[in-house]
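Keep in mind the model is a prediction, meaning the values are calculated, not measured. All values below come from the heavy atoms of this structure, side chains included, with hydrogens, waters and symmetry mates left out.
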Amino acid sequence: MSAQDSFKQWKQATSLPDYLKDQLSSLSQDDNWIEDAFGQDINFGTAGMRGKLEPGTNRINLFTIGKVTEGLARLIDENGEEAKKRGVAISFDSRYHSREFAQHAAQILGAHGIKVYLFDDLRPTPELSFAVRYLHTFAGINITASHNAKQYNGYKVYGEDGAQMAPENADRLFAYAQKVSNIFDVEAAPVEKLRANNTLQLIGEDVDEAYLAHLKEVTFDPEMVKNNANKLKIIYTPLHGTGKMLYDRAFRQGGFDNVIPVPSQSIIDPEFPTTIKPNPEYRDVFEPGFKLANEVDANVIIATDPDADRMGAAVRKSDGDFQVLTGNQIATLMAYYLLEHMKENGTLTSDYELVTSIVSSALPFKIAKDFGIRTKHVLTGFKYIGEEVDRMNKEKDGKFLMGFEESYGYLFKPFARDKDAMQGALMFGEVASYYASKGMTVFDGLQEIWQKYGVSYEITHAIEMPGIGGQKKMAALMEKLRNKHLNEINGTKVVKIEDFETQKSIDSNGEKELTGFPVSNVLKYYLEDDTWVALRPSGTEPVIKAYVGVNKPTVEEAEKAAQDYQNALGELLKN
């Protein structure tokens, strides 16, 4: 069906809510918008989809949500009565229409006789991951666009292990969704009927209490925290999102009583009025926190993104200014703290394992090897970290220390199988307490690590390729790079290329098989000066992510080199 035919179908639909009718009337004055919004179906990648809140097949709205949920329902039908009885847990964030989409998904599943556990209010993404495992459901749905701007929303699907759904089932779900003949005719049962026959069950405080009980396990040294947390004042911001639901109870039971929320950012608001993009990697989101920290003399600021799976932090430096830490720096501090502390108290053994993605910092691996524990690289996506945890548990050949991704995701206790900002916030608070016990700041601790191991510094840049042709442009660029290998970047020789799609490792000795990884559209380059560069098209956004990691003697040299490489990479990808 052409974009114009699809557009006409939407114009003639009688079931559009008034707000979608108004948007359709306003936006359709632009032919380019019609082509983009109706020229293709929205991409379903990494077990989910994300897009602008607008009418159209290439957008997030009540009907694209319904179509994919119908696909999930048919997948569950295929798995029989037991799968239907186990059902689906559903959560949602603070964005526009999130609650509406969550209830609509519940009604579609309920129409198939599938049991639904729907949170009574917004909840963090990691709690949904926990709920799937805790309630033993067949799947989970989370309505969220994570850290994207206010114009966006999204849909994530989780498997029975609490991780984002594995590719085989995700592909079957999408195939079923594509068989929906009329996007406006997906059956959704009345809520009252589903409540009456107990197909739809509300959940909330019951799961909160269980999740919070498990969060107690995250604190590694409660006695140290008890003795030193009162030396800290922690500023916390949920960035207008779901972290507000549990942060106070989580911090207090972890031993942190001096946690001060940022008032303006503790208002649940889908406009995200204090920032353009509620992403804890950006300095601007911390500005209200900086102001409050200076008023109350606090040295640590913790931020969680709107669905509370990513955690960022800023720490005061000796000159009084705040340094916003990267996800890699936060992970480095946490890994070093855990390993140093375990070594001191005699609990460190060589079968502990640190797990991270192929595009994250090399420094935690260097630290882990220095302490004599195992390391494991996996593809980007916390489901792969979860798979490694499952493998260790099944084969009984290792103990999970922590998993992390450069994109501000951390996990310490795998009762959830997605990145967990609540766990990250508690561990970072513990790290700050540890350095306070030594009369040091967190930034002092980072300097100490750099002095011992050298400076690793990383920059990630998202190269946007929006519009209906964005996916094709990304595919063409990656194909071009595979057909014509880069020999140098920024004047430095490429010494090895790892291609995770063709499963080849290429260096001066020729090609070798790249083993131990599923197929993935990622290219990673290793350079002569110990720099690495990686390119990865996003599965849910129209961007190619460019990663650069350098290793230098000083921070200043590292920052400059990383930016120079990122600039050079940007120029290369333009051509």
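Counting only heavy atoms from C-beta outward, the side chains of F371 and I367 approach each other to under 4.5 Å. Residues L514 and D499 are not in side-chain contact: their nearest non-hydrogen atoms beyond the backbone lie 4.5 Å or more apart. Residues L339 and L401 have side chains in contact (heavy-atom distance under 4.5 Å, counting atoms from C-beta outward). Taking the side chain as every heavy atom from C-beta outward, T375 and K369 approach each other to under 4.5 Å. Side-chain contact check for Y336 versus Y453: some heavy-atom pair is nearer than 4.5 Å. You'll find the side chain of N142 stays beyond 4.5 Å of the side chain of D418, heavy atoms only. No side-chain heavy atom of Y152 sits under 4.5 Å from any side-chain heavy atom of I60. Side-chain contact between Y158 and T125 is present, with at least one heavy-atom pair separated by less than 4.5 Å.
A salt bridge does not link D390 with K394: every distance from a Lys NZ or Arg NE/NH1/NH2 to an Asp or Glu carboxylate oxygen is 4.0 Å or more. For the pair D529 and K552, the salt-bridge criterion is met [side-chain N within less than 4.0 Å of a carboxylate O]. The existence of a salt bridge linking R59 and D36 is confirmed by a sub-4.0 Å separation between a basic side-chain nitrogen and an acidic carboxylate oxygen. Ion pairing between K493 and E528 fails under the 4.0 Å rule for side-chain N and carboxylate O.
The distance from the NZ atom of K8 to the OG atom of S2 is 7.5 Å, given to the nearest 0.5 Å. In this structure, CD in E501 is found 4.5 Å from CG in N521, a value given to the nearest 0.5 Å. One finds the CD atom of Q566 at 6.5 Å from the CD atom of Q563 (value rounded to the nearest 0.5 Å). With rounding to the nearest 0.5 angstrom, the OH atom of Y526 is 12.5 Å from the CD1 atom of I506. L24 contributes atom CG, which lies 5.0 Å from atom CZ of F38 (distance to the nearest 0.5 angstrom). Put simply, CZ on R172 and CE on M165 are 11.5 Å apart, with the number rounded to the nearest 0.5 Å.
By the side-chain contact (heavy atoms from CB on, under 4.5 Å) test, T554 pairs with E556, E557, sequence neighbours left out. Evaluation of the salt bridge (Lys or Arg N to Asp or Glu O under 4.0 Å) rule for E388 yields R391 as partners, not counting sequence neighbours. Checked against side-chain contact (heavy atoms from CB on, under 4.5 Å), H97 has the following partners two or more places apart in sequence or in another chain: Y19, L53, E100, F101. Under the salt bridge (Lys or Arg N to Asp or Glu O under 4.0 Å) criterion, D309 pairs with K156, K419, not counting sequence neighbours. Under the salt bridge (Lys or Arg N to Asp or Glu O under 4.0 Å) criterion, K399 pairs with D351, not counting sequence neighbours. In this structure F184 satisfies the ring pair (Phe, Tyr, Trp, His ring centres under 6.0 Å) test together with W10, F63, sequence neighbours excluded. Residues passing the ring pair (Phe, Tyr, Trp, His ring centres under 6.0 Å) test with H377 are F365, sequence neighbours excluded. Residues forming a salt bridge (Lys or Arg N to Asp or Glu O under 4.0 Å) with E387 (at least two apart in sequence, or on another chain): none. Remark: V68 pairs with F44, M49, Y155, L173 by the side-chain contact (heavy atoms from CB on, under 4.5 Å) rule, at least two apart or across chains. Under the rule for a side-chain contact (heavy atoms from CB on, under 4.5 Å), the partners of D41 that lie at least two apart in sequence or sit in another chain are T57, K67, Q178.
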I'd like a table of donor-acceptor pairs (distance under 3.5 Å, sequence neighbours excluded) in which one partner is a side-chain atom from residues 404-412, with atom names and distances.
residue : atom : partner : partner atom : Å
E405    : OE2  : G381    : N            : 2.5
E406    : OE1  : T460    : OG1          : 3.2
Y408    : OH   : L325    : O            : 3.2
Y410    : OH   : M311    : O            : 3.2

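The backbone N or O of T326 lies less than 3.5 Å from a partner atom in the side chain of Q329, making a donor-acceptor pair. No donor-acceptor distance shorter than 3.5 angstrom exists from the side chain of E353 to the backbone of K376, with no hydrogens or angles considered. In this structure a side-chain-to-backbone donor-acceptor pair under 3.5 Å is missing from D305 to N279.
Few gaps surround NZ on K524; more than 12 heavy atoms of other groups in view lie less than 6.0 Å from it. By the neighbour-count criterion of 12 heavy atoms within 6.0 Å, atom CD of E395 is densely surrounded, having more than that number from other residues, nucleotides or ligands.
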Discussion item. Walk me through whether D307 and T242 qualify under side-chain hydrogen bond (donor to acceptor under 3.5 Å, both in side chains).
Written reply: CA-CA 5 Å; D307 69 321; T242 63; over 6 Å; no

Item to complete: Using the side chain to side chain contact (heavy atoms under 4.5 Å, CB included) rule, take Y282 and I276 through it: C-alpha gap first, then chi angles, then the decisive distance, then the call.
Response: CA-CA 10 Å; Y282 297 141; I276 295 172; over 6 Å; no

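Screening N153, T144, N148 for a side-chain hydrogen bond (donor to acceptor under 3.5 Å, both in side chains) involving R50 leaves a single residue, N148.
For residues 511-523, the pairs satisfying salt bridge (Lys or Arg N to Asp or Glu O under 4.0 Å) are K504-E511, with sequence neighbours left out.
A cation-pi arrangement is not found for K150 relative to F272, the charged atom failing to lie both closer than 6.0 Å to the ring centre and inside a 45° cone about the ring normal.
Counting only N and O atoms by type, the side chains of D5 and Q9 include no donor and acceptor under 3.5 Å apart.
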